[in-house]
Amino acid sequence: MRNLLPLLNSPHSGGRSALTCRYRCGDACFQDVPNTSDNEYAGDVIAGALSRRSMMRAAAVVTVAAAAGTSALAGPAAPSAAAAGSAAAPQAGPFGRTDGARGLRFAPVAPNTADAVTVPAGYAQNVVIRWGEPILRGAPAFDPDKQSAKAQAGQFGYNNDFLSLLPLPGEHGRQVLVANHEYTDEILMFKGYDPAKPTREQVETAWAAHGLSVVVVQEERKSGKLTPVTRHHLNRRLHTTSEFRLTGPAAGSDLLKTSADPTGTKVLGTLNNCAGGTTPWGTTLHGEENFNQYFANGSSATDKRYGISTGATERKWELFDKRFDVKQEPNEPHRQGWVVELDPYDPDSTPRKHTALGRFKHEAAQPRLTADGRPVVYMGDDERFDYFYKFVSSKRMKKGTSRAAREHNLTLLDEGTLYVARITGDSPAAEIDGTGKLPDDGEFDGSGQWIPLATGDVSHVPGMTAEEVYVFTRLAGDKVGATKMDRPEDVEPSPRTGRVYVALTNNTDRGKPGKAGADEANPRNLNKHGQVLELAEHWDDPAADGFAWRLFLVAGDPEDPATYFAGFPKDKVSPISCPDNVAFDPHGNLWLSTDGNQLGSHDGLFGVATRGERRGELKQFLTVPKGAETCGPIIQDRRVLVAVQHPGEIDGASVEKPASVWPDGPGKLVRPSVVAVYRKDGRDIGV
């Protein structure tokens with residue numbers, strides 16, 4: 001067995017610290033599972049009428065080569081774990097080049113617990129921007145002893161997650177960086193913070209540290225280094241008191257009206273923005289995830305289904321603004337949990353919350369286009385035993401950057417059909433024994449069906465109006481028998497093949513007394529490492545009503561028999577645990593960032609080949625510092641960007657007793673930051 005590192009901290013769910021669980025998701029994994037429906041779990045119904053081969057042919061996935069059984073595959077041996085604190089990487093040729101799939105020719109980073117961003121041999125890095133750096137005119141330099149709501153509103157926000165880089169025509173070497181700011185950890189932000197008695201200034205500063213940032217960045221021509229262009233006219237901060245607009249079929253519903261907004265169309269703030277997406281028409285999408293934790297005194301059945309507490313919140317915002325008190329404003333939580341669309345090229349625009357895409361804990365939203373130009377958006381609901389969705393627009397995208405085209409394209413996600421997935425395995429139930437052992441046909445795979453929930457003002461769910469479907473989408477999924485999944489997080493379609501990849505991060509509740517046991521899509525009980533599902537729409541049509549699926553990766557220590565790497569030899573891959581955000585590089589490789597590594601190493605970023613004879617070859621590209629999570633990966637030809645989220649977020653840590661010295665060294669405040677990684681010789685990544 002590979003000598004993996006000892007577990008760090010006292011792991012909560014998936015290896016997270018208790019501090020992360022408190023502030024990121026309100027201890028979601030320690031609350032009752034919100035989904036109490038009796039829907040079937042993935043694989044409970046066996047598709048006996050279709051053989052695996054005929055089903056896969058019908059779905060036109062025969063072009064996806066399964067690598068199971070291949071033996072003559074060259075590649076570097078997977079590294080042994082480094083000693084605790086070591087940042088050493090295997091030796092390689094000039095600039096770290098090794099054999100591997102194109103785009104993955106680097107010496108894999110060994111698992112480690114270094115308090116640093118550790119990158120392959122031959123690569124360099126720079127911190128692009130830190131929490132608190134001024135980006136708007138008039139914003140002061142960051143001073144942790146003088147931080148205020150006014151200052152923070154003009155500075156880069158806290159706990160950066162999703163990242164997007166867009167071109168900036170007419171400004172050579174510049175791009176537009178858009179970042180989500182998922183949540184705040186006040187214990188690591190403020191000296192002497194008392195969780196029982198937060199001050200108004202602390203609360204309002206935290207409000208300003210949530211939300212979104214838009215900042216122009218400048219590329220250094222001879223390398224991949226990026227630096228922010230402060231006070232650029234496109235730079236922008238959106239936060240908890242910024243104005244957002246509800247659009248689509250549920251906008252104006254009585255379910256969305258409050259005393260402050262009797263129209264049901266104007267919302268202040270966006271909360272807990274996790275991952276997101278970049279649209280083909282040049283906007284960005286942002287998923288509002290664990291919004292429930294900000295609201296106190298919930299009481300209704302719908303509050304419970306969305307995990308809203310019956311008591312006080314961790315941050316106690318309800319003491320400073322009644323909109324966070326459900327007893328006073330019962331509809332205010334209904335105005336969070338949407339996909340937000342932002343036009344980063346128009347600093348005066350009001351971002352939209354698209355009700356047609358449903359309300360749940362959105363991890364991400366990444367579109368692709370049908371053959372006739374209609375966007376299709378895939379979405380996961382990041383909760384144990386919740387669902388996987390897609391939205392198919394009824395409108396076609398207009399090409400070009402004219403004002404008319406941009407205005408039209410901003411309405412594309414307001415009209416269409418919202419679907420939820422029902423997933424079925426194709427192996428006998430007796431072959432899925434909870435250990436992760438492959439069934440007799442050599443793969444975890446099966447078929448799936450997209451169940452329509454609503455189209456415009458028409459509900460397809462008996463007993464629910466269309467407005468109710470959009471506002472209470474989880475309940476609609478319950479009613480139609482959607483398949484309960486193991487925390488579907490980021491979802492990305494491959495821009496090369498159209499295959500869709502779903503990161504299922506973990507579910508340590510699976511197989512516990514009173515909880516569902518293993519099934520073909522979730523083949524391990526007490527699943528602490530997660531898996532990645534690969535989906536192919538019938539006839540490669542994103543608007544199809546059915547699909548084929550297979551598990552692409554079953555994560556964990558490669559020497560564990562319960563792991564699977566698309567059939568690639570397991571002695572030639574890096575260990576991986578808890579896949580979360582996903583992205584693609586220009587070569588078609590899938591890149592996975594992790595959240596809550598259960599193998600004793602820090603979280604990291606991994607690249608894996610999805611096609612050809614090296615399909616399943618997985619290599620670790622970097623690790624992040626103590627207590628941190630790897631978020632928001634972007635893989636361009638010449639650089640990789642990651643958001644280093646919640647560094648130093650370890651139990652017992654505080655401003656006075658930091659658990660990390662990243663990124664600025666001892667005596668400096670620990671700060672979430674965006675990092676760029678590039679080759680020292682200036683050439684493309686991994687070639």
Side-chain angles (χ1 to χ4, degrees), residues 19-20 22-26 128-136 138-163 177-193 195 198-215 228 230 235-244 268-274 276 286 288-291 293-294 313-317 320-321 324 336 340 342 351 627-629 631-632 643-649 653-655 663 668-674:
L19 191 60
T20 300
R22 280 175 60 191
Y23 283 96
R24 182 181 183 186
C25 59
V128 179
I129 190 167
R130 298 162 173 81
W131 161 50
E133 290 192 26
I135 61 174
L136 302 186
F142 179 70
D143 184 341
D145 294 321
K146 297 180 180 179
Q147 192 69 341
S148 67
K150 182 178 179 181
Q152 179 65 80
Q155 299 168 337
F156 194 69
Y158 197 77
N159 268 343
N160 30 226
D161 196 300
F162 167 73
L163 303 174
L177 175 68
V178 184
N180 281 357
H181 301 292
E182 185 175 5
Y183 71 100
T184 50
D185 188 331
E186 286 77 354
I187 288 177
L188 301 182
M189 294 173 67
F190 306 118
K191 287 183 179 179
Y193 180 73
T199 68
R200 176 169 285 278
E201 190 66 54
Q202 289 169 337
V203 167
E204 291 185 354
T205 301
W207 289 350
H210 278 71
L212 317 173
S213 288
V214 180
V215 56
T230 58
N235 290 2
R236 192 174 186 189
R237 277 302 324 281
L238 294 148
H239 43 72
T240 313
T241 59
S242 302
E243 182 178 332
F244 292 76
L268 291 184
T270 181
L271 296 173
N272 212 262
N273 300 96
C274 194
H286 309 267
E288 297 179 328
E289 193 187 18
N290 292 298
F291 65 91
Q293 66 174 305
Y294 301 92
T313 66
E314 173 68 44
R315 295 175 179 82
K316 297 179 173 54
W317 289 1
F320 301 90
D321 190 331
F324 298 107
Q336 301 288 338
V340 177
L342 170 69
E629 173 191 345
C631 296
V644 179
Q645 193 188 80
H646 59 78
E649 197 169 58
S654 65
V655 172
K668 302 290 186 180
L669 199 63
V670 181
R671 296 164 73 180
S673 305
V674 177

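- Here D321 contributes atom CG and T240 contributes atom OG1; the two are 10.0 Å apart, rounded to the nearest 0.5 Å.
- Here the shortest heavy-atom pairing between Q645 and C631 reads CB-SG, 3.8 Å.
- Taken from CD in E288 to OH in Y294, the straight-line distance is 10.5 Å, to the nearest 0.5 Å.
- Judged purely by atom type and a 3.5 angstrom limit, N235 uses its side chain to pair as donor or acceptor with the backbone of I135.
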- Task: Would you sort out whether W131 and M189 count as a side-chain contact (heavy atoms from CB on, under 4.5 Å), showing the intermediate values?
- Result: CA-CA 10 Å; W131 161 50; M189 294 173 67; 3.8 Å; yes
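- Residue Q155 holds its CD atom at 9.5 Å from OG1 of T205, rounded to the nearest 0.5 Å.
- Between the side chain of E649 and the backbone N or O of E629, no donor-acceptor pair lies under 3.5 Å.
- Looking at S148 and E201, their side chains never bring a donor and an acceptor atom within 3.5 Å of each other.
- The distance from atom CG of L268 to atom NE2 of H239, rounded to the nearest 0.5 Å, is 10.5 Å.
- Two residues are said to be in side-chain contact when any heavy atoms from C-beta on lie closer than 4.5 Å; V655 and Y193 fail this criterion.
- Side-chain contact, E186 with Q202: no donor N or O sits under 3.5 Å from an acceptor N or O.
- Closest non-hydrogen pair, P351 versus V340, comes out as CB-CG1, 3.9 Å.
- Contact detail for R236 and L342: the closest heavy-atom pair is NH1-CD1, 3.8 Å.
- Under a 3.5 Å cut-off, the side chain of R237 and the backbone N or O of Q152 do form a donor-acceptor pair.
- The two residues A208 and A153 have their closest heavy-atom pair at CB-N, 3.9 Å.
- Cation-pi geometry between R315 and F324 is not satisfied (NZ or CZ under 6.0 Å from the ring centre, within 45° of the ring normal).
- Rounded to the nearest 0.5 angstrom, E204 CD and F320 CZ are separated by 8.5 Å.
- Side-chain atoms of E289 never come within 3.5 Å of backbone atoms of C274 as a donor-acceptor pair (strictly under, hydrogens ignored).
- In this structure a side-chain-to-backbone donor-acceptor pair under 3.5 Å is present from H181 to Y158.
- We find the CZ-CD1 distance between R671 and I129 to be 9.5 Å, quoted to the nearest 0.5 Å.
- Between A206 and W317, the shortest heavy-atom contact is CB-CZ2, 4.2 Å.
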- Item | Residue pair T199, F190: steps toward the side-chain contact (heavy atoms from CB on, under 4.5 Å) verdict | CA-CA 11 Å; T199 68; F190 306 118; over 6 Å; no
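- By the 6.0 Å contact criterion, NZ on K150 is open, its count of non-hydrogen atoms from other residues, nucleotides or ligands being 12 or less.
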- Check against side-chain hydrogen bond (donor to acceptor under 3.5 Å, both in side chains), E182 and N159: CA-CA 6 Å; E182 185 175 5; N159 268 343; over 6 Å; no
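- N272 places no side-chain N or O within 3.5 Å of a backbone atom of Y183 that could act as its donor or acceptor partner.
- The side-chain hydrogen bond (donor to acceptor under 3.5 Å, both in side chains) test with H286 singles out one residue from N273, D161, N180, and that residue is N180.
- Nearest approach of P134 to A139, heavy atoms of both residues: CB-O, 3.6 Å.
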